Amino acid sequence: IMAANSSTGSATEPPGLETQWREIDNLSQQQLRAGDSWYLLDKRWYDQWKEYVHAGDQNSSSYPGKIDNTELYEDLDSYHLKERLSENEDFVLVPAEAWHKLLSWYDMMDNQPPLERKVVDLPSTVKVEVYPVEIYLCLSSNMESTVSACFSRADKIHAIHQKIRQHFNVSETAESRLWMRSTDTSSERLRNLNMTVLDACLSSGMTVIMEIRNADGTWPTSRPQIMRNSADEDSYRGPPGVCGLTNLGNTCFMNSALQCLSNTPPLTEYFLRNSYLEELNFTNPLGMKGEIAEAYADVIKQMWSGRHYSVVPRVFKTKVGHFASQFLGYQQHDSQELLSFLLDGLHEDLNRVKKKEYIELRDADGRPDQEVAEEAWRNHLRRNDSVIVDTFHGLFKSTLVCPECNKVSVTFDPFCYLSVPLPVSKERVMEVFYVSLDPTAKPTQYRLIVPKAGQVIDLCTVRTSILTAETLMAVADVFNHRFYRIYQADESLSCILDRDDIFVYQLSSGCVDQEGEEVVMAIYMRERSHYRDYGSGSNSYSTSLFGHPLLISVPRAQCTREDLYQLLLKRLARYVRPLDPSEEVEEEEEEDEEELYKAQTNGVSDDEGEEDSEEAGPSKKEEETQESGQAEEQNNCQSEASPSSEGEERAEEEESSSEPDRGSSTEEGQSASGSTDTNSQDATDGDQSTGVEPSGKEEEDEDEEEEEEEEAASCAQANKRLPGRRRYTERQKKALFTIQAVNSNGTTERGMGEADGGFSFSSQPYIAIDWDPDMKKKYYNENEAEKYIKHQSMDVPHQQITVQLQECIELFTTVETLEEENPWYCPTCKKHQLATKKLDLWSLPEVLIIHLKRFSYTKYSREKLDTIVEFPLRDLDFSGFLLKKTVNSTEPPCRYDLISVSNHYGGLRDGHYTSYARNKDNGQWYYFDDSKVTYAREEQIVTSAAYLLFYQRQDKIRQPTVPPPVPSSSQPENHVSSQTHDGMDGASSCVSMETD
């Protein structure tokens, strides 16, 4: 077209004037079609041409001359079109064929470019785009150097991409991405190169920036407005793929899954070759607009650049949380759940099927398995076709049989991984502390074997078979110096977790009858602070729990302060130094009886002053019901202040054992003064792990007198039960501790206790033994209180169950009956049936993921199975499990080699994930523990922590391209550790790094 501008002599001999008009007029009537070219003609030149051809005289003075669009240009230097020109006023539009005819007949003014415009299909109309989009183009490395270019709104972003590459001489092999910047502070990624300029909302004046990936796999920056040259590159060079992942906070589950996928050769090579760029699916409603695939590609390219010790996957974590809200925040999760989401997200983001068609599934109806399987796989590929399907998807056969009409339903379904069950033992091992009724006996730790589906009573039954046949016992979960839960005898053992601190208390040698003649009391140990807590709106003393609580059985008639005091003195005689005879009697006091009761906290005097309370407490059955309900209110406390994780608990017990009962004793015949602590409403609820240390003795007698005067107000009503005022002389006896009714949390509430010295237990039978700090320090032997005895059953090593992986696969293919919650609708019986179901493997993928179902969740129990599964590192043969037998030599083999393992250390509530993986380039095994990477030996890989197994088919495994590295002590500090992983790092990490 531009060649036609050169000279007048290029014009051809035109036809007759009438012919000219007829041809141009006919061509101008054609419909607009998207993508066609139309040309602008100056309206005055066009009108003069019409007048000329209609005159019918070729020698007419109205001859228009050369095509002249001078009036349409803003200037004759840039030849930019003037703004706000109107069709049929300033210009007319003619189709390309008409333009070329006019150009050949009349030629064009020298140097004027033709005004070609494209027809665009806009959402509401099809029109000629008179004003195209003028965009500025530049590179992120030099944003000052820009060039402008015009693009049609119908042009693809790919055209802009190519224009930048050509103008700035960017290599075709360099990976790049585009940013659209509308203002100095706002930029947005242009992800879909197949999107039109119109759909991308690009308008004139905007800038498109090309960013080129660095050699280390990173991008210069995440936003072009802060882009800068990364001239100072890290000097580190290491084996590609041998790279840790930083733990962002409980993200070890994600790091473990990413390391396993990173060391899956076909998937990693797919991303390293940039094959994913051509297959990103931005329109899939089930996908994530390509964002998950791009974020994953960024992580892989950084890990395999060989220029990083460790990569921070923060952007990837953010993308995952954006599209899967369950992974928002920094809670612990299951690596298998993350892996399932990630594989599905990558598949949908890279699905080659842009528009999924509806396919009606057919039952086998007696057809051969081969025919049904091939049909099922074809149907699957019609809707799902991606690198994930190519690499991870297989096919299994599902057979359902109706128990009533024997209808057989056969379907073939794709799978991405195999979730295989582990053989489950019917027994479990539990560790408990037994607290005898004998006050001189230390607690004894037992390891018991009980039925998994058993009840709490089984703990007592098994224990009595080891020791003696005592009768009444109680089982409780001790947590933070209080009872988290007191169990009923018929409760399921599944509600007790392995990490719980379980105590079995001997209550009495005889049964408690239904009339409740005996009361089971929960005894807490509390230490009173030196100073009053005025800030809480009270002037009482705050208290803190310490030690382990105690359960005792008390005759209801003895539920007075004095009787309880004497009982506790005997019960806690092992680790409390008794009072010397000289310390027993304090100074003589003579005062008004009312003043005496004011000085004594709850108005409790000696035997002569009052009678025992006649109010009865609740029966044991009522108490336990109340205790159970109240204990459940404390569930929220357990996650933050567990006394120890399982590993920490055992370590502490070996150094200083956990004593279940603490208290004090005194000589026989001593009586209680009845003085008790009024316990601050803002008590610390036992959150401290130990009692408050005494801060020193400061005028003890004056302090106690002031304390009694302050506390007297809460007990003024006690005087109403006594006769009128009289004077008497009494020699008051000193007490080691005081007794206070409390709630299940160990805190005092208003109205607890009775003025006559008894306890009514209107709400719950919880009692606190309150210690003055100086008295506790002087008479309480903490070392003795912490001692316990290990029963010989603790010395018997716990034998872990070992099974073969093949056994787990056999369980997967075993016939089972559907559960009531998941029945099958029989088309013959026309109702839901509990049919039998059998799964069989039909075809296997190139990379087979085996999920060992270690976490068992049922409506009756929750547990993690620590069974050791023996899995082969090489030559895992599936030929015996496949229904589809090899027909010819072209069929792939059924032998697999291990390439990676995801491990989980810990229990249900907390844990830590790590991984083993074999590097595809050098064949060396590595152990990945977040950012830490160590060499691993093959004999270390099979452990009871193995959770996800990645196998690759042998015919697809390539030989290492480089020799394996030799561990050297001269390597940099942050390099792969020269020490081989010892197999225990993960176990220790589950305590130090990833606790719930």
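If you're wondering where the values come from, they're calculated on a predicted model, not measured in any experiment. Quick note: residue numbers are just sequence positions, from 1.
- Shortest non-hydrogen contact noted between Gln488 and Val456 is O-CB, 3.4 Å.
- In this structure, the side chains of Leu551 and Ile486 come closer than 4.5 Å at one or more pairs of heavy atoms.
- Every residue two or more places apart in sequence or in another chain that forms a side chain to side chain contact (heavy atoms under 4.5 Å, CB included) with Asp438 is listed here: Ser436, Thr440, Ala441.
- Taking the six-membered ring wherever Trp is involved, the centroid distance between the rings of His912 and Tyr905 does not fall below 6.0 Å.
- Outside the 6.0 Å centre-distance limit, the rings of Phe433 and Tyr505 are not counted as a close aromatic pair.
- In this structure, the side chains of Val475 and Cys460 come closer than 4.5 Å at one or more pairs of heavy atoms.
- In this structure, the separation between CG on Leu568 and CG on Leu572 is 5.5 Å, given to the nearest 0.5 Å.
- Distance check, rounded to the nearest 0.5 Å: CG of Leu437 to CZ of Arg571 gives 6.0 Å.
- Among residues two or more places apart in sequence or in another chain, the salt bridge (charged side-chain N to carboxylate O under 4.0 Å, His left out) test is passed with Asp334 by none.
- Counting only heavy atoms from C-beta outward, the side chains of Ile496 and Tyr487 approach each other to under 4.5 Å.
- No hydrogens or angles considered: a donor-acceptor pair under 3.5 Å links the side chains of Gln506 and Tyr434.
- By the 4.0 Å N-to-carboxylate-O rule, Glu427 lies too far from Lys452 to be salt-bridged with it.
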Determine, step by step, whether Asp772 and Arg528 satisfy the salt bridge (Lys or Arg N to Asp or Glu O under 4.0 Å) criterion, reporting the C-alpha distance in whole Å, the side-chain angles of both residues, the deciding distance to 0.1 Å, and the verdict.
CA-CA 5 Å; Asp772 177 82; Arg528 190 178 59 194; 3.2 Å; yes
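- To the nearest 0.5 Å, the span separating CD on Glu782 from NZ on Lys776 amounts to 3.5 Å.
- In this structure, the side chains of Met775 and Tyr780 stay at 4.5 Å or more apart for every pair of heavy atoms.
- With sequence neighbours left out, Arg428 forms a salt bridge (charged side-chain N to carboxylate O under 4.0 Å, His left out) with Asp498.
- Legend: residues meeting side chain to side chain donor-acceptor pair (under 3.5 Å) with Ser419, ordered by chain and number and at least two apart, are His851.
- The pair Glu527-Lys777 does not count as a salt bridge, with every side-chain nitrogen at least 4.0 angstrom from each carboxylate oxygen.
- Under the 3.5 Å distance criterion, the side-chain polar atoms of Asn250 are matched with a main-chain donor or acceptor of Tyr330.
- Partners of His333 under the side chain to side chain donor-acceptor pair (under 3.5 Å) rule, at least two apart in sequence or in another chain, do not exist in this structure.
- In summary, of the residues considered (Lys442, Gln445, Met794), a side chain to side chain contact (heavy atoms under 4.5 Å, CB included) with Ile789 occurs for Lys442 alone.
- Residue Leu328 qualifies as enclosed at atom CG: its count of foreign heavy atoms under 6.0 Å is above 12.
- The shortest heavy-atom contact between Phe503 and Val435 is CD2-CG2, 4.1 Å.
- In this pair, Phe479 and Tyr484 present their aromatic rings perpendicular. The plane angle is above 60°, beyond the 30 to 60° band.
- Shown here for Leu459 and Ile502, the closest heavy-atom pair between the two residues is CD1-CG2, 4.2 Å.
- Under the 4.5 Å side-chain criterion, counting only non-hydrogen atoms from C-beta, Val742 is not in contact with Ile767.
- In this structure, Tyr524 has its ring center no closer than 6.0 Å to that of His481.
- Across every non-hydrogen atom of Tyr913 and Ser335, the tightest pair is CE2-OG, 3.2 Å.
- Asp563 places no side-chain N or O within 3.5 Å of a backbone atom of Thr560 that could act as its donor or acceptor partner.
- The distance from the CD1 atom of Ile868 to the OG1 atom of Thr802 is 4.5 Å, given to the nearest 0.5 Å.
- With no hydrogens or angles considered, a side-chain donor-acceptor pair links Ser256 and Ser902 at under 3.5 Å.
- Here the straight-line distance linking atom OH of Tyr446 with atom CE of Met430 works out to 15.5 Å at 0.5 Å rounding.
- Under a 3.5 Å cut-off, the side chain of Tyr565 and the backbone N or O of Leu736 do form a donor-acceptor pair.
- In this structure, a donor-acceptor pair under 3.5 Å is absent between the side chains of Gln740 and Thr748.
- You'll find the side chain of Leu448 stays beyond 4.5 Å of the side chain of Val429, heavy atoms only.
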How far apart are the C-alpha atoms of Asp770 and Ile739, what are their side-chain angles, what is the distance that settles it, and do they pass the side chain to side chain contact (heavy atoms under 4.5 Å, CB included) test?
CA-CA 6 Å; Asp770 287 345; Ile739 303 172; over 6 Å; no
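- Closest heavy-atom contact between Trp771 and Met525: NE1-CE, 3.4 Å.
- Partners of Ser944 according to the side chain to side chain donor-acceptor pair (under 3.5 Å) rule, which considers only residues two or more places apart in sequence or in another chain, do not exist here.
- Nearest approach of Thr867 to Pro423, heavy atoms of both residues: OG1-O, 4.3 Å.
- Among Gln336, Arg854, Lys864, the single residue meeting the side-chain hydrogen bond (donor to acceptor under 3.5 Å, both in side chains) criterion with His904 is Lys864.
- Leu545 has its side chain out of reach of Asn480: every pair of non-hydrogen atoms, C-beta onward, lies at least 4.5 Å apart.
- Side-chain contact check for Leu564 versus Val554: some heavy-atom pair is nearer than 4.5 Å.
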